[in-house]
Amino acid sequence: MENAIDKLIDKIKQMDNPTVIGLDPRYSMIPECITKKYDKTIKGACEAILEFNKALIDATYDIIPAVKPQIAFYEMFGTDGIEIFNKTCKYAKEKGMIVIADIKRGDIGSTAEGYSNAYLGKTPLEEIEQSIFDVDFVTLNPYLGIDGIKPFIEDCKKYGKGVFIIDKTSNPSSGELQDLKLENGKTIYEEVASLIEKWGEELRGKYGYSSISSVVGATYPEQLQSLRKLAPHTFFLIPGYGAQRRKSRRYSTRV
């Protein structure tokens with residue numbers, strides 16, 4: 001079974017493009033030429049969003065290797081929104097794109113297992129197992145420790161999937177927790193980086209990187225450089241470039 005991070009890197013090399021397109025649809029920003037086709041209802045808004053998402057995918061699938069739909073922008077529309085999230089993911093995969101579901105889940109035990117079943121693995125039902133969302137990667141919150149990560153790691157091994165675990169995030173207030181110093185002299189984000197590197201040891205691929213990867217914000221370039229030294233086998237998903245980076249300039253001197 002192909003290693004998930006190898007699959008992503010191969011796609012990046014094929015297109016000579018390391019970027020990912022975020023699909024975080026805001027109804028107010030969808031062109032009127034699309035919204036006017038549909039009723040001004042939740043269902044109509046979802047149909048407009050799906051058409052817009054498909055148009056973005058059609059315009060980029062041959063030059064950008066991956067898409068990253070953020071689940072919150074779909075959950076806000078209820079069950080109709082979840083349906084178009086699923087349809088968006090399926091459409092992107094049909095076009096050959098890598099799909100990173102930005103869900104930032106973080107829980108333990110059977111709850112974590114349930115989340116992993118939904119997105120990376122399969123949902124068991126008596127004698128059959130069914131893939132539900134069937135994406136390539138998900139984002140996770142590590143602050144419950146390995147108990148919240150292990151079920152996802154097991155499904156990564158079993159189904160050739162991957163995860164991006166939150167480490168040093170791009171938002172201005174991230175330092176309130178992530179920059180705190182521990183007794184060993186490390187910051188919390190440095191300790192998390194070491195854990196992610198350790199958790200990913202068994203899933204390193206042909207390029208030396210692991211499918212257990214991390215999220216490190218572009219808004220903190222000095223920390224990004226130090227984390228690369230600390231976690232040489234960890235692949236980085238780097239948000240905060242573009243609109244988010246410009247916003248961060250107003251609040252942080254660390255850009």
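- The heavy-atom pair separating Ala48 from Tyr27 by the smallest distance is CB-CE1, 4.3 Å.
- Here the side chain of Lys7 pairs no donor or acceptor atom with the backbone of Ile98 at under 3.5 angstrom.
- Inter-residue side-chain proximity for Leu227 and Phe236 is flagged as met; some heavy-atom pair is nearer than 4.5 Å.
- Only one option out of Asp102, Asp136, Asp24 pairs with Lys68 in a salt bridge (Lys or Arg N to Asp or Glu O under 4.0 Å); it is Asp102.
- For the atom pair CG (Leu23) and CD1 (Ile71), the distance works out to 12.0 Å, reported to the nearest 0.5 Å.
- For residues 204-219, the set of pairs meeting the salt bridge (Lys or Arg N to Asp or Glu O under 4.0 Å) definition, not counting sequence neighbours, comprises Asp10-Lys206, Glu197-Arg204.
- Contact record, Phe77 with Ala45: CE2-CB, 4.0 Å, taken as the closest heavy-atom pair.
- Residue-environment remark: CD1 (Ile12) exceeds the threshold of 12 foreign heavy atoms within 6.0 Å.
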#### Entry: Derivation of the side chain to side chain contact (heavy atoms under 4.5 Å, CB included) call for Glu202 and Ile153
CA-CA 9 Å; Glu202 295 182 15; Ile153 293 177; over 6 Å; no
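- The shortest non-hydrogen separation linking Cys89 to Val135 is SG-CG1, 3.9 Å.
- Closest approach of Lys158 to Met1, counting heavy atoms only: O-CE, 3.1 Å.
- Within 6.0 Å of CD on Glu32 lie no more than 12 heavy atoms contributed by other residues, nucleotides or ligands.
- In terms of modelled atom types and a separation under 3.5 Å, the side chain of Asn3 and the main chain of Leu203 share a donor-acceptor contact.
- Side-chain atoms of Asn86 and Tyr74, non-hydrogen and from C-beta on, never get closer than 4.5 Å to each other.
- Within the model, atoms CD1 of Ile238 and OH of Tyr220 stand 15.0 Å from one another, a figure rounded to the nearest 0.5 Å.
- In the displayed structure, Lys150 atom NZ is contacted under 6.0 Å by at most 12 heavy atoms of other residues, nucleotides or ligands.
- Note on Val67 and Ile49: same hydrophobic cluster, where clusters join Ile, Leu, Val, Met, Phe, Trp and Tyr whose side-chain heavy atoms are under 4.5 Å apart, directly or indirectly.
- Scanning both residues, Pro239 and Ser170, for their nearest heavy atoms gives O-CB, 4.0 Å.
- Side chains of Ile21 and Met97 form a contact here, defined as non-hydrogen atoms less than 4.5 Å apart.
- Asn141 is not listed as a side-chain neighbour of Arg105, based on a closest heavy-atom distance of 4.5 Å or more.
- Aromatic ring orientation, Tyr119 versus Phe85: perpendicular (interplanar angle above 60°, classes split at 30° and 60°).
- With Glu191 contributing its side chain and Lys186 its backbone, the two residues share no donor-acceptor pair below 3.5 Å.
- Note on Glu154 versus Lys157: salt bridge recorded, some NZ/NE/NH1/NH2 to OD/OE distance being below 4.0 Å.
- Note on Tyr189: it does not cluster hydrophobically with Leu195, by side-chain heavy-atom contacts below 4.5 Å among ILVMFWY residues.
- Residue-environment remark: NZ (Lys198) stays at or below the threshold of 12 foreign heavy atoms within 6.0 Å.
- Heavy-atom contacts from other residues, nucleotides or ligands closer than 6.0 Å to CG of Asn184 number more than 12.
- The distance from atom CG of Leu224 to atom NZ of Lys229, rounded to the nearest 0.5 Å, is 11.5 Å.
- Checked by atom type, the side-chain pair Glu190/Ser226 shows no donor-acceptor distance below 3.5 Å.
- At a cut-off of 3.5 Å, with distance as the only test, no side-chain donor of Glu176 or Ser173 sits close to an acceptor on the other residue.
- Using modelled atom types, no side-chain atom of Ser116 and backbone atom of Ala112 make a donor-acceptor pair closer than 3.5 Å.
- Counting heavy atoms from C-beta on, the side chains of Pro124 and Asn117 come closer than 4.5 Å.
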- Message: Could you walk me through whether Cys156 and Leu120 satisfy the side chain to side chain contact (heavy atoms under 4.5 Å, CB included) test, starting with their C-alpha distance in whole Å, then the side-chain angles of each, then the deciding distance to 0.1 Å, before giving a yes or no?
- Response: CA-CA 7 Å; Cys156 288; Leu120 299 183; 4.0 Å; yes
- request: Please lay out, stage by stage, how Glu83 and Lys87 fare under the test salt bridge (Lys or Arg N to Asp or Glu O under 4.0 Å).
  value: CA-CA 6 Å; Glu83 182 179 357; Lys87 287 181 177 179; 3.1 Å; yes
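- You'll find the side chain of Glu51 reaches within 4.5 Å of the side chain of Lys37, heavy atoms only.
- Following chains of ILVMFWY side-chain contacts shorter than 4.5 Å, one can reach Leu177 starting from Leu182, so the two form part of one hydrophobic cluster.
- Checked by atom type and distance alone, the side chain of Asn17 pairs as donor or acceptor with a backbone atom of Ile63 at under 3.5 Å.
- Considering only heavy atoms from C-beta on, Pro65 stays 4.5 Å or farther from Val20 through its side chain.
- Evaluated for a side-chain hydrogen bond (donor to acceptor under 3.5 Å, both in side chains) with Asp134, the options Lys122, Lys90, Lys161 yield exactly one hit, Lys161.
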Subject >> Stepwise side chain to side chain contact (heavy atoms under 4.5 Å, CB included) check, Val99 with Thr88 >> reply: CA-CA 10 Å; Val99 178; Thr88 295; over 6 Å; no
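- Between Leu50 atom CG and Ile30 atom CD1 the span is 10.0 Å, to the nearest 0.5 Å.
- Note: the hydrophobic cluster containing Val163 also contains Ile196 (ILVMFWY, side chain heavy atoms under 4.5 Å, direct or indirect links).
- Ser211 OG to Trp199 CH2: the interatomic distance, rounded to the nearest 0.5 Å, is 16.0 Å.
- In this structure, Thr187 contributes its side chain and Asp179 its backbone to no donor-acceptor pair below 3.5 Å.
- Annotation for Ala218 and Pro221: closest pair O-CD, 3.7 Å, computed over non-hydrogen atoms.
- Proximity of Ile103 to Tyr115: side-chain heavy atoms (C-beta onward) are nowhere separated by under 4.5 Å.
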TODO: Walk me through it: do Ile84 and Phe73 pass the test side chain to side chain contact (heavy atoms under 4.5 Å, CB included)?
DONE: CA-CA 11 Å; Ile84 64 165; Phe73 293 93; over 6 Å; no
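- Here the straight-line distance linking atom CD1 of Ile100 with atom OG1 of Thr139 works out to 9.0 Å at 0.5 Å rounding.
- Both Tyr61 and Ile64 are assigned to one and the same hydrophobic cluster, defined by single-linkage of ILVMFWY side chains at heavy-atom distances under 4.5 Å.
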